[in-house]
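Heads up, the thing below is written out as structure tokens.
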Amino acid sequence: MPRTAFLTALMLWSAASCAYADKVSICYNYGCAASAEVKLRGAELSRINLLFAWIDGAAEERQAISQAIGLFQTFAGQQTPTFRDRGRNFPDDGVDGRMDCIDHAHNTSAYLRLMEERGWLRFHRILEPVKRAPLIFNEHWSARIAD
């Protein structure tokens, strides 16, 4: 490849990997009290897309979904205060960026919808978030998928 063609290709790839390719609205601070728009670069989405490249069944797709959600949360934490979130609710009480199960259910559902829109989910469909309340004051929300 001639040097000028190589440099042109490199510049186009670099621009594509820096450009924002998609965005997703997330929430945090317990009960979705605060929200932010996370802008995803082409390179970030390409990295997630690779997780789904050779999927051959629902079990493999669930593993890829799990890894993709972790990457989405990492990318969101680079743009929002959600990187301050800690496991359970008490260790981060009062911290900007904290998330409870309502926030996580909303955000995970948003990431799943983005995966669905991009055609990455072949073995699962997205359902509405689910709420369970085994005890009066023990409510829990979660995102939900089905084979």
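Put simply, CG on L71 and CD1 on I48 are 5.0 Å apart, with the number rounded to the nearest 0.5 Å. Atoms CD and CZ, from E60 and F52 in turn, are 12.0 Å apart once rounded to the nearest 0.5 Å. Distance check, rounded to the nearest 0.5 Å: CZ of R113 to CG of L121 gives 12.0 Å. Interatomic distance, R125 CZ to D147 CG, rounded to the nearest 0.5 Å: 9.0 Å. One finds the CG atom of L127 at 9.5 Å from the OG atom of S109 (value rounded to the nearest 0.5 Å). For the atom pair CD of E139 and SG of C101, the computed distance is 7.0 Å after rounding to the nearest 0.5 Å.
Residues H124 and I65 meet the side-chain proximity criterion, which asks for heavy atoms closer than 4.5 Å. Using a 4.5 Å heavy-atom cutoff, the side chains of M115 and N49 are not in contact. Side-chain atoms of I26 and S35, non-hydrogen and from C-beta on, never get closer than 4.5 Å to each other. Between S25 and E37 there is no side-chain heavy-atom pair separated by less than 4.5 Å. Looking only at side-chain heavy atoms (C-beta outward), T74 and F83 stay at 4.5 Å or farther from each other. When side chains are defined from C-beta on, K39 counts as touching Q79, because their heavy atoms get closer than 4.5 Å. When side chains are defined from C-beta on, Q73 does not count as touching T82, because their heavy atoms never get closer than 4.5 Å. At a threshold of 4.5 Å between non-hydrogen side-chain atoms, the residues R41 and E44 count as touching.
Placement of L112 and W141 in two distinct hydrophobic clusters is found when ILVMFWY residues are connected by side-chain heavy-atom separations under 4.5 Å, directly or transitively. Using a 4.5 Å cut-off between side-chain heavy atoms of Ile, Leu, Val, Met, Phe, Trp and Tyr, with links allowed through other members, Y111 and I102 fall into different hydrophobic clusters.
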Legend entry - Derivation of the side chain to side chain contact (heavy atoms under 4.5 Å, CB included) call for D85 and H104: CA-CA 11 Å; D85 182 48; H104 283 291; 3.3 Å; yes
Inset, instruction - Begin with the C-alpha distance, continue with both residues' side-chain angles, and end with the deciding distance and a verdict on side chain to side chain contact (heavy atoms under 4.5 Å, CB included) for L114 and L40. - result: CA-CA 11 Å; L114 180 63; L40 300 160; 3.5 Å; yes
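The neighbour count for R84 CZ, taken as heavy atoms of other residues, nucleotides or ligands under 6.0 Å away, is above 12.
A salt bridge links R118 with D22; the closest basic N to acidic carboxylate O contact falls under 4.0 Å. Using a 4.0 Å cut-off between charged side-chain N and carboxylate O, R144 and E128 make no salt bridge.
Between A143 and T108, the shortest heavy-atom distance links the atoms CB-CG2, 3.6 Å. Taking every heavy atom of both residues into account, I55 and A64 meet most closely at CD1-CB, 3.8 Å.
A cation-pi contact, defined as under 6.0 Å to the ring centre and within 45° of the axis, is absent between R98 and Y28.
Defined by atom type and a distance below 3.5 Å, a donor-acceptor pair is missing between the side-chain atoms of N29 and D103.
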